Amino acid sequence: MEHLAMHISNGIINGPVAAIFAVIALAAMALCVQRGRQHLDDRLAPMAGLVAAFIFAVQMINFPIFTAGVSGHLLGGALAALLVGPWVGALCVAVVLTVQALVFGDGGVAMLGLNITNLAIIGTAAAYLLIVALLRVLPRTPAGLAVTAFVSALVSVVVAALGFVVQYKLGGAVDLGDNIAGLAGTIAGTHLLIGVGEGLITAMTVLTVAKTRPDLVYALRARGPIALSPVPAVGGAR
Amino acid sequence: MRKRTWGFIASGLLVSLLLAGVVSSFASADPDGLESALREGCTVDAEGTVTGGDCPAQREEEHEIGGPLADYGVTGITDDALATGLSGVVGVLLTFALAGGGFWLVRRRTGQQPTGDGDAAQPTSTAGVG
């Protein structure tokens, strides 16, 4: 089978920049463990394990995005944030990326900090900000939840992909000069289409869980985002 | 209640195993959004190897570890669908064990359900790393 990689490979971003992002990712994950612990009980812990396993599985399924020769796959940040909350959700995505880098040769081990920053931190954070905002204005119906899931997933994919563009600008192996704008355009364009797929998968999955076990959907919990003011919900005292 | 949660987890795991073990072999083989953007400016052969031109993907270096499951295959198994499916099954079980086990170890062990209490910061007496 041909080379199959979906995360940043070795050699794409230089060592110093990769190292800086490794430190950022490690610090963020430590914060996520500290904050996430408060939510992790006998029910959420296995659910979070399942969310990580599910994201690993769905990430393997590349789907066509109707532009020649390009595919997309789930990133999972929005799905994780909706089902298990932002702190535990970011950890779920980070575990997936770590397994992929260490066992499946997908994404350089030296690049792990960059990949965790984009997909686990930026992707989940962007999604969660939107989830909080949308759940406040949209009706608390299945349709409202579906729209929240779709939009937050779509936008989070584009924002996470732009995280890579920033990293490439800082330490890309090839100095693209002004062409960095071209890279940004290409990345944003394809990830807008990938985001549609991400949005559909996320909405479908969250609706399915919400219909069978609404108590297992973090976003629908009494202590979830709706019950909180947006400022502390995204990083203030909680 | 707890039994039902484990039932849900088991069904979710089964769905994940089917997706990674069976559906994964029907996945698109085209490069993803990131990889295709990095190949812009290069020519690529049918195997996905860069053959010429000028693009960031040319700078890609070998993976540090590789390993028997590298690229979601299994060393020694030539049947693509079988290799992808097997590595997918291993990946789902490994990810569930690591994430689930890790979260289980650091979970709150106060014995009280979080539902019903207010959203004010609860003093967690078990906050020490243990």
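The structure displayed is predicted, hence computed values, not measured ones. Order of the sequence lines sets the chain letters (A, B, ...), proteins ahead of strands, with each chain counted from 1.
Only the backbone of B:E62 has a heavy atom closer than 4.5 Å to any heavy atom of chain A. For chain A, the nearby part of B:V15 is the side chain; its heavy atoms alone come within less than 4.5 Å. Contact of B:A57 with chain A is made through the backbone alone, with heavy-atom distances under 4.5 Å. Contact annotation for B:S28: both backbone and side-chain heavy atoms come within less than 4.5 Å of a heavy atom of chain A.
Taking A:G72, A:G182, A:G108 one by one and counting their heavy-atom pairs under 4.5 Å with chain B, the maximum is reached by A:G108. For the set A:A53, A:A94, A:A52, A:C92, the entry with the most heavy-atom pairs within less than 4.5 Å of chain B is A:A53. Highest contact tally toward chain B, considering only A:L216, A:I194, A:L176, is held by A:L216 [criterion: heavy-atom pairs under 4.5 Å]. In terms of heavy-atom pairs under 4.5 angstrom with chain B, the leader among A:V70, A:T208, A:V174 is A:V70. Top candidate by heavy-atom pairs under 4.5 Å with chain B, chosen from A:T190, A:V99, A:I12, is A:I12. Ranked by non-hydrogen atom pairs under 4.5 Å with chain A, the options B:G66, B:S87, B:G21 are led by B:S87. Highest contact tally toward chain B, considering only A:V33, A:L102, A:V96, A:T212, is held by A:L102 [criterion: heavy-atom pairs under 4.5 Å]. With chain A as the partner, the residue from B:G73, B:G88, B:P31, B:A37 showing the most heavy-atom pairs under 4.5 Å is B:P31. Interface check for chain A: of the options B:L34, B:D32, B:L17, the most heavy-atom pairs under 4.5 Å are formed by B:D32.
Between A:H39 and A:Y218, the ring-plane angle classifies as perpendicular under the 30° and 60° cut-offs.
Closest heavy-atom contact between A:I13 and A:A18: CG2-N, 4.4 Å.
The main-chain N or O of B:V50 is never found under 3.5 Å from a side-chain atom of B:Q58 such that the two would form a donor-acceptor pair. Looking at A:D106, its side chain does come within 3.5 Å of a backbone N or O of A:H7 through a donor-acceptor pair.
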message: Using the rule given for side chain to side chain contact (heavy atoms under 4.5 Å, CB included), can you reason through A:Q100 versus B:Y72, listing the C-alpha separation, both sets of side-chain angles and the distance that settles it, and then say yes or no?
response: CA-CA 9 Å; A:Q100 288 169 329; B:Y72 305 92; 3.3 Å; yes
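Using a 4.5 Å cut-off on side-chain heavy atoms (C-beta onward), A:M29 and A:T98 make no contact.
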